[in-house]
Structure formats: C-alpha cells, structure tokens
There are 2 protein chains.
Amino acid sequence: MNVDLSNLRQKFRERDYKLTPQRQIILQVFINNRDKHLSAEDVHNIVRQQSNDIGLATVYRTLELFSELEILQKINFGDGRSRYEINETSSPHHHHHLICLTCGRVIEFADDLLEDLETIIAKNSNFTIVDHQVKFYGYCQECQKHCED
Amino acid sequence: MNVDLSNLRQKFRERDYKLTPQRQIILQVFINNRDKHLSAEDVHNIVRQQSNDIGLATVYRTLELFSELEILQKINFGDGRSRYEINETSSPHHHHHLICLTCGRVIEFADDLLEDLETIIAKNSNFTIVDHQVKFYGYCQECQKHCED
DNA sequence: ATCCTTGCAAAGGGTTTGCATTAAA
DNA sequence: TTTAATGCAAACCCTTTGCAAGGAT
C-alpha cells in the first residue's frame with residue numbers, strides 16, 4: 001500500500017487544500033483501479049455508478065490537483081483524452097506501456113534496461129533527464145491468436 | 001532525399017487520390033522543415049505566409065491522409081495538439097525526442113539501443129512490437145546554463 | 001467567519017463534418 | 001464527365017473557467 005491517508009492529509013494541510021468527500025471518493029476510485037488508466041469521463045462514470053455524483057468540472061480539477069501533488073500520473077495514449085493512473089512509487093518514473101493496435105489494450109511492463117539507456121542518452125546529449133515515457137505499439141497475444149495473418 | 005514525387009504520384013493514382021496543388025504545397029512545407037514538428041496550425045500559417053491560403057479543414061484532411069500513406073508521422077508531445085514530421089526512413093520507426101521541461105524545445109536523438117530493448121521486451125511479453133515512441137523529459141543544455149539551481 | 005471547493009453552464013481550443021462548389025483525372 | 005477535393009461554417013469533443021452557492025477548518 002502506497003497511498004497513505006494520514007500522510008496525504010498532512011500534504012493537504014500544508015498547502016491549505018481541503019480533503020473533501022469528493023476528493024476522497026476520486027482517490028478511492030484510483031485505489032480500486034490500480035491497473036487501469038482512467039480518463040476524467042471514466043472516473044465520472046464510476047463515481048456515478050456508486051450513486052455518488054460529482055460534477056465533471058470537479059473531477060477535472062481534482063485530477064489536475066492530484067497530478068500536481070504527484071498522487072496521480074497523467075498519461076497520454078493519443079486517444080484524444082488524458083488518462084491517469086495512481087503513482088505507485090514515490091519517484092514518478094517508470095511508465096511504460098505496450099499498446100495493442102488491434103484491441104487497444106494497454107499492458108504494463110517493468111523495465112530496468114531503460115535506466116541504463118537513459119544514462120547513456122543523457123551523457124551523449126548533455127540533457128538532464130528527469131523522466132521518460134515509453135510506448136511500444138504492436139499486437140498483444142490475444143489479437144495475434146485471433147488473426148494469424 | 002526520401003520523398004520521391006513520381007513514386008508519390010503513383011501511390012496516389014493507385015488509390016484514386018488526386019495530387020492537388022494544396023497537397024503539393026503542404027508536402028513542400030514538410031520538405032522545407034525536415035527538422036520541425038509542425039502542428040496543423042503551424043502548417044496553415046506557413047502556407048498563408050507564402051500567400052497560398054489553404055482552408056484549415058483541408059490542412060487537417062491532408063495531414064490525416066499523409067499519415068495514412070506514411071508520408072508523415074503523427075506525434076503527440078502532450079501540448080494539446082498533434083504534430084507531424086516527415087517520415088524520413090521507409091520504416092516508420094525511430095521517433096525519439098528529448099523534451100525540455102523549461103523551454104519546451106524538442107531535441108531529436110538517434111538510437112540503436114532501443115532496438116535491442118524492443119527485442120527483449122517483445123520476448124518477455126509475447127507482444128509483437130511494430131513501433132515505439134520514446135520521450136525523455138528533462139532540461140536541455142541551454143536551460144541548465146540559465147538556471148543553475 | 002474565512003477562504004477553499006463545488007456545481008452549473010458557458011466558453012475555449014483543437015479537430016471533424018455536412019454540403020454546395022470547384023477541379024483533378 | 002466523373003469522382004474526389006476544397007472551403008466555409010457549424011458541429012464536436014475534451015477541457016477550462018466564471019460565478020454564485022455551499023462547506024471545511
């Protein structure tokens with residue numbers, strides 16, 4: 001468990017933010033959907049299904065706030081909307097995805113090799129790298145089965 | 001030189017597309033701006049500066065068409081608009097960028113190591129990878145100079 | 001009581017679409 | 001001459017914002 005509520009409360013107090021019911025509900029949605037990449041609309045729908053309606057504008061504002069506080073990580077899969085996932089590690093670092101071009105499925109993968117790559121590139125380019133985003137596009141196992149072409 | 005006009009003409013003929021002046025002008029914009037990552041609006045502005053006005057909708061439609069034909073590569077830098085660059089190599093493959101978090105500058109870098117990484121990941125995940133997109137975020141040399149903090 | 005947060009509706013920014021007109025082939 | 005492409009404006013979608021009402025500390 002990485003999201004520590006009392007820690008969070010303090011983070012909020014420090015900055016004069018309030019830990020409102022809406023914010024807690026939205027946080028809970030991400031805790032309950034660790035493996036998913038939720039858009040604002042997704043979050044809004046999930047909350048509504050729980051008969052806890054929250055204004056869409058509030059959802060957007062909360063997602064932005066959580067991103068700033070590094071509780072969430074904003075990701076862009078090129079599908080025309082921003083998606084968010086809970087920031088499991090304290091360092092906002094390892095976000096790598098295999099994106100299936102057939103079914104759109106997004107599969108996570110662990111890396112280590114990328115760290116080395118980052119070091120080499122930083123050295124060659126005089127660029128101070130603080131984060132990276134890597135996406136591989138292709139065909140997942142399922143879709144390979146379904147259409148052997 | 002990678003963009004071959006007569007080859008292009010044939011590609012168009014095959015699919016009953018027409019090589020209109022608008023399309024030629026837009027193609028030329030990308031040929032003249034090989035190193036840039038142009039948005040639809042950028043293209044529109046460049047064309048207007050040449051007193052060759054083209055409707056913005058046509059620009060969008062042309063960019064989409066060229067992407068399908070793999071003449072252009074669509075990229076997303078997370079700045080709220082799609083950007084395009086000319087597809088230099090025949091295989092739509094190596095698009096890697098260093099994005100400066102201070103000035104927004106985008107620097108290209110050559111890779112090779114990524115190919116190896118791709119192979120390893122494909123093996124581990126049973127995923128057939130056909131393309132990848134890698135972005136490193138950090139601070140470019142210039143911005144490092146300006147604010148040593 | 002203060003100041004942040006909410007919800008609604010309107011506005012915004014990028015992109016797409018319908019339709020009549022124009023122009024490649 | 002046929003069929004696709006253009007240009008304009010309206011529509012679209014996601015996201016942001018203004019503002020009055022509500023709520024946490």
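Lettering of chains follows the sequences in order, A, B, ..., and the numbering in each one begins at 1.
- Qualifying salt bridge (charged side-chain N to carboxylate O under 4.0 Å, His left out) partners for Arg83(A), counting only residues two or more places apart in sequence or in other chains: Asp42(A), Asp79(A).
- Ser39(A) comes within 4.0 angstrom of nothing in the nucleic acid, heavy atoms only.
- Residue Glu64(B) contributes atom CD, which lies 14 Å from atom C1' of dA5(D) at whole-angstrom precision.
- Spacing between atom CG of Leu63(A) and atom C1' of dC14(D) amounts to 13 Å, rounded to whole angstrom units.
- Following rounding to the nearest Å, Leu56(A) (CG) and dC13(D) (P) show an atom-to-atom distance of 14 Å.
- Not a single side chain to side chain donor-acceptor pair (under 3.5 Å) links Asn45(A) to another residue, sequence neighbours left out.
- Rounding to the nearest 0.5 Å places CZ of Phe30(A) at 13.5 Å from CD1 of Ile25(A).
- When the C1' atom of dA25(C) is taken as reference, atom CG of Leu8(B) falls 16 Å away, rounded to whole Å.
- A distance of 5.0 Å separates CD of Gln73(A) from CG of Asn87(A), quoted to the nearest 0.5 Å.
- Axis orientation changes by 30° from one end of the helix from dA1(C)-dT25(D) to dA25(C)-dT1(D) to the other, with each end axis drawn from 5 pairs and the value rounded to 10°.
- One interatomic measurement links the two molecules: CD of Glu14(B) to P of dT3(D), which rounds to 20 Å at whole-angstrom precision.
- For Asp53(B) and Tyr84(A), each mapped to the nucleotide of DNA chain D holding its nearest heavy atom, the one lying further toward the 5' end belongs to Asp53(B).
- Closest contact between the side chain of Arg23(A) and the listed nucleotides dG14(C), dT5(C), dG7(C) involves dT5(C).
- Between Ile54(A) and Asp79(B), the residue whose closest nucleotide on DNA chain C is further toward the 5' end is Ile54(A).
- Sorted by residue number, the list of members of residues 40-51 of chain B with any non-hydrogen atom under 4.0 Å from DNA chain C is empty.
- Taking CD1 of Ile75(A) as the reference point, atom OG of Ser39(A) lies at 11.5 Å (rounded to 0.5 Å).
- An OP1 or OP2 oxygen of dT15(D) is reached within less than 4.0 angstrom by a side-chain nitrogen or oxygen of Tyr60(A).
- With sequence neighbours left out, the ring pair (Phe, Tyr, Trp, His ring centres under 6.0 Å) criterion links His37(B) to Phe77(B), His97(B).
- With sequence neighbours excluded, the residues that form a salt bridge (charged side-chain N to carboxylate O under 4.0 Å, His left out) with Arg81(A) are Glu41(A).
- In the set dT15(D), dT6(D), dG14(C), dT6(D) carries the atom at the smallest distance from any side-chain atom of Thr62(B).
- When each of Gly55(A) and Arg81(B) is assigned the nucleotide of DNA chain C bearing its nearest heavy atom, the one mapping closer to the 5' terminus is Gly55(A).
- Distance, Glu68(A) CD to dT5(C) P: 11 Å, rounded to whole Å.
- Taking atom CG of residue Leu65(B) and atom C1' of nucleotide dA5(D), one finds them 10 Å apart after rounding to whole Å.
- Applying the salt bridge (Lys or Arg N to Asp or Glu O under 4.0 Å) test to residues at least two apart or on different chains, the pairs with a partner in residues 46-68 of chain B are Arg48(B)-Asp53(B).
- In this structure, the side chains of Leu38(B) and Asn33(B) come closer than 4.5 Å at one or more pairs of heavy atoms.
- Between the OH atom of Tyr17(B) and the C1' atom of dT2(D) there is a distance of 18 Å, given to the nearest Å.
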Quick tally for nucleotides 18-25 of chain D: nucleotides whose base has a protein heavy atom under 4.0 Å get B, sugar-phosphate-only ones S, the rest -, giving B----BB-
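- Between Thr58(A) and the phosphate of dG7(C), there is a side-chain N or O to OP1/OP2 separation shorter than 4.0 Å.
- Not counting sequence neighbours, the partners of Phe66(A) by the side-chain contact (heavy atoms from CB on, under 4.5 Å) test are Phe12(A), Arg23(A), Ile26(A), Leu27(A), Thr62(A), Ile71(A), Leu72(A).
- Applying the side chain to side chain donor-acceptor pair (under 3.5 Å) rule to Lys18(B) yields no partners; only residues at least two apart in sequence or on another chain are considered.
- Applying the side chain to side chain donor-acceptor pair (under 3.5 Å) rule to Lys11(B) yields no partners; only residues at least two apart in sequence or on another chain are considered.
- Within 4.0 Å of Gln22(A), counting heavy atoms only, lie sugar-phosphate atoms of the nucleic acid but no base atom.
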